[in-house]
There are 2 protein chains.
Amino acid sequence: MAKTSSKPVNAVPAKSAKQRAGKAAQGRTHAPPDPASEPPSGRVARAAERREAIIAAAMDEFVGRGYAATRLDDVARRAGVAKGTIYLHFKDKEALFEELIRTAIVPLVNRIAPPPNPGGSVRDMIELFARTFIQEVATTQRADIIRLIVAEGPRFPAIADFYYREVVSRGLAGLRAVIELGIARGEVRQPELARFPQIVVAPAIVAVIWKSLFEKHSPLDALEMFRVHLDLIFGERRAT
Amino acid sequence: MAKTSSKPVNAVPAKSAKQRAGKAAQGRTHAPPDPASEPPSGRVARAAERREAIIAAAMDEFVGRGYAATRLDDVARRAGVAKGTIYLHFKDKEALFEELIRTAIVPLVNRIAPPPNPGGSVRDMIELFARTFIQEVATTQRADIIRLIVAEGPRFPAIADFYYREVVSRGLAGLRAVIELGIARGEVRQPELARFPQIVVAPAIVAVIWKSLFEKHSPLDALEMFRVHLDLIFGERRAT
DNA sequence: CAATTATGACTGACCGGTCAGTCATCGTCA
DNA sequence: TGACGATGACTGACCGGTCAGTCATAATTG
């Protein structure tokens with residue numbers, strides 16, 4: 001074993017280091033103490049918090065090492081929990097992994113979900129979408145989740161299925177609707193584009209990959225790239 | 001898992017046995033046997049063949065399982081070789097993996113390399129490039145190599161560096177030159193495109209990912225998608 | 001204090017890497 | 001040319017470390 005320390009590593013600043021904190025303080029039930037940093041006295045709340053800590057820790061480890069190379073010992077240590085505790089919440093390593101992806105997908109979708117833009121132009125809608133995507137995904141750790149899905153997806157059909165169903169098909173359907181609106185309005189001059197909404201998001205996908213592989217060789221201004229791409233779709237540049 | 005047979009599988013039919021064909025039948029055999037399936041008698045030739053068999057086997061295993069989950073026992077079995085033999089040719093698992101990628105990159109580059117198209121239009125040049133790429137890569141096992149690089153690249157900087165240097169930077173430079181030619185000729189109407197050649201290849205990249213993750217959910221006509229994309233760059237559709 | 005939850009030592013399978021021994025091939029000499 | 005010793009490619013049993021998953025025990029809770 002070796003590897004780093006024997007104490008919780010806690011790469012996730014959010015909620016972790018406290019689980020041991022108040023055990024001496026007021027292990028008993030009364031005094032409803034600071035609920036934000038003290039261990040909640042309720043068992044269910046406590047359990048839920050542990051579960052989240054495990055998922056957060058697993059996220060870091062799986063993203064950093066990939067599925068096979070991740071050790072549950074490390075996940076446990078990082079979560080500030082004993083290894084056995086993981087098995088109180090998840091059937092096995094694979095279940096933890098799949099649950100992790102599922103958990104990560106939801107906020108991902110919410111982040112970049114249908115930008116409900118009432119009166120704007122179609123270009124603005126798509127540009128807003130792209131800006132959100134690039135800022136909230138391509139730049140952050142969420143990008144690694146996407147890379148993780150690409151990397152492990154073929155070996156975990158359940159994950160690929162889930163991702164296709166929850167993200168890809170919905171996203172493309174929404175995008176297609178927007179494109180068709182743009183065609184109807186005359187903003188988009190290439191009607192065939194509605195057949196391949198993938199074309200619209202392709203540069204964003206490429207940006208995600210680029211960031212994780214080649215950013216250090218040659219930085220990429222993803223947002224600017226996407227604007228140029230939009231110029232191809234909508235015509236001449238507009239002010240931003 | 002899998003296991004398959006205990007005999008060599010030899011997934012790469014190409015040049016496994018023939019390179020030593022001529023002088024082969026000397027060692028002790030009389031009747032010149034089928035040079036395509038008999039082991040060559042020369043020790044060096046034999047060794048080279050084994051090395052190739054190991055790489056071919058490693059390719060299948062690494063692509064199918066990822067780096068960490070691949071067992072060298074399986075590679076050896078698939079190559080029809082004892083495990084120790086692997087270590088006569090490669091320092092360790094990591095060296096085998098990196099060498100494998102290196103070996104795979106060269107034919108990849110040659111396949112889709114500068115399409116020396118003299119008189120044609122820029123669109124034709126790019127379309128030929130895309131067609132070659134999609135037919136020779138996106139459709140074949142080579143796509144898995146790309147996925148493998150995306151998946152493992154962050155953990156193997158040497159591989160990411162190599163890939164960037166040998167493929168990405170050169171490819172983009174060539175593409176940029178072609179784009180600038182197109183701008184000069186007036187074929188490409190968006191001069192900014194030269195700043196982001198990634199946009200041109202993005203749909204091809206997306207096609208590679210799509211094929212390996214979602215093809216079964218929803219088949220994608222990559223070539224047609226790319227044509228639509230070219231329409232965005234060059235304007236109205238041309239006959240093909 | 002009984003029930004529930006957490007712990008971490010432990011197990012057993014697994015796998016990367018090693019190495020002493022084998023034998024086909026090669027060089028050499030009669 | 002044929003025989004024979006030298007060579008080194010090849011083998012696979014083996015070793016040591018690793019890690020997913022278990023379970024008897026301890027701690028906590030209501």
Side-chain angles (χ1 to χ4, degrees), chain A residues 1-4 6-8 19-32 38-51 53-54 58 61-62 65-97, chain B residues 1-3 6 8 20 23-30 38-54 58 61-62 65-97:
Chain A
M1 318 252 182
K3 294 330 137 68
T4 63
S6 57
K7 316 167 69 172
Q19 95 283 1
R20 213 82 172 165
K23 75 111 188 294
Q26 83 297 27
R28 281 304 111 96
T29 38
H30 8 1
E38 287 305 295
S41 43
R43 293 208 308 227
V44 282
R46 177 72 177 260
E49 190 172 74
R50 293 238 154 149
R51 187 189 158 92
I54 291 168
E61 293 291 330
F62 280 126
R65 304 177 189 278
Y67 177 80
T70 290
R71 294 168 297 224
L72 292 191
D73 278 309
D74 289 348
V75 172
R77 182 161 48 234
R78 187 183 280 260
V81 147
K83 186 163 66 161
T85 306
I86 293 176
Y87 289 88
L88 297 177
H89 293 276
F90 306 94
K91 177 176 165 290
D92 57 14
K93 188 182 183 184
E94 188 169 327
L96 170 59
F97 182 65
Chain B
M1 337 273 202
K3 279 18 185 304
S6 57
R20 181 79 168 107
K23 283 286 188 165
Q26 296 328 340
R28 55 202 291 283
T29 38
H30 7 30
E38 285 305 297
S41 45
R43 293 208 305 222
V44 279
R46 179 73 178 255
E49 189 172 78
R50 295 245 152 139
R51 186 187 158 93
E52 278 188 37
I54 291 169
E61 294 290 330
F62 280 126
R65 303 177 189 280
Y67 177 81
T70 290
R71 294 169 296 222
L72 292 190
D73 279 309
D74 288 349
V75 172
R77 183 163 43 238
R78 185 184 279 262
V81 149
K83 186 163 64 159
T85 305
I86 293 175
Y87 289 89
L88 298 177
H89 294 276
F90 305 95
K91 176 175 166 292
D92 56 14
K93 189 184 183 182
E94 188 169 328
L96 169 60
F97 181 65

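Chain letters run A, B, ... following the sequence lines, proteins first, then strands; residues in each count from 1.
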Minimum heavy-atom separation for A:I54 to A:I86, with atom names?
-> CD1-CA, 4.0 Å
CG of B:L96 to NE2 of B:H89, rounded to nearest 0.5 Å, is 11.0 Å
Partners of B:A82 by side-chain contact (heavy atoms from CB on, under 4.5 Å), sequence neighbours excluded?
-> B:T85
Between the two end axes of the helix from C:dC1-D:dG30 to C:dA30-D:dT1, each built from 5 base pairs, what angle do you get to the nearest 10°?
-> 10°
Counterpart residues, ring-ring contact (aromatic ring centres under 6.0 Å, His included), relative to A:F90 (two or more places apart) = none
Residues passing the ring-ring contact (aromatic ring centres under 6.0 Å, His included) test with B:Y87, sequence neighbours excluded, are none
Can you list the residues that meet the side chain to side chain donor-acceptor pair (under 3.5 Å) rule with B:R50, with sequence neighbours excluded?
-> none
Specify the separation, in whole Å, of atom [atom1] of [X] and atom [atom2] of [N].
{"X": "B:I86", "N": "D:dA9", "atom1": "CD1", "atom2": "C1'", "value": "15 Å"}
{"X": "B:H89", "N": "C:dG17", "atom1": "NE2", "atom2": "P", "value": "16 Å"}
{"X": "B:R50", "N": "C:dA24", "atom1": "CZ", "atom2": "C1'", "value": "11 Å"}
{"X": "A:L88", "N": "D:dA27", "atom1": "CG", "atom2": "C1'", "value": "13 Å"}

Taken in chain and number order and not counting sequence neighbours, the residues that satisfy salt bridge (Lys or Arg N to Asp or Glu O under 4.0 Å) with A:K93 are none
Return the set of residues passing salt bridge (Lys or Arg N to Asp or Glu O under 4.0 Å) with B:D92 (not counting sequence neighbours), or none when no residue passes.
-> none
Hey, does the side chain of A:Y67 reach the backbone of B:A68 with a donor-acceptor pair shorter than 3.5 angstrom?
-> no
Expected rows: protein N/O vs nucleotides 20-22 of chain C N/O, under 3.5 Å:
none

Between the protein and nucleotides 14-16 of chain C, which nitrogen or oxygen pairs are less than 3.5 angstrom apart?
from, atom 1, to, atom 2, distance (Å)
C:dC15, OP1, B:R71, NE, 3.4
C:dC15, OP1, B:R71, NH1, 2.7
C:dG16, OP1, B:T70, O, 2.8
C:dG16, OP1, B:K93, NZ, 3.2
C:dG16, OP2, B:L72, N, 2.8
C:dG16, N7, B:K83, NZ, 2.9

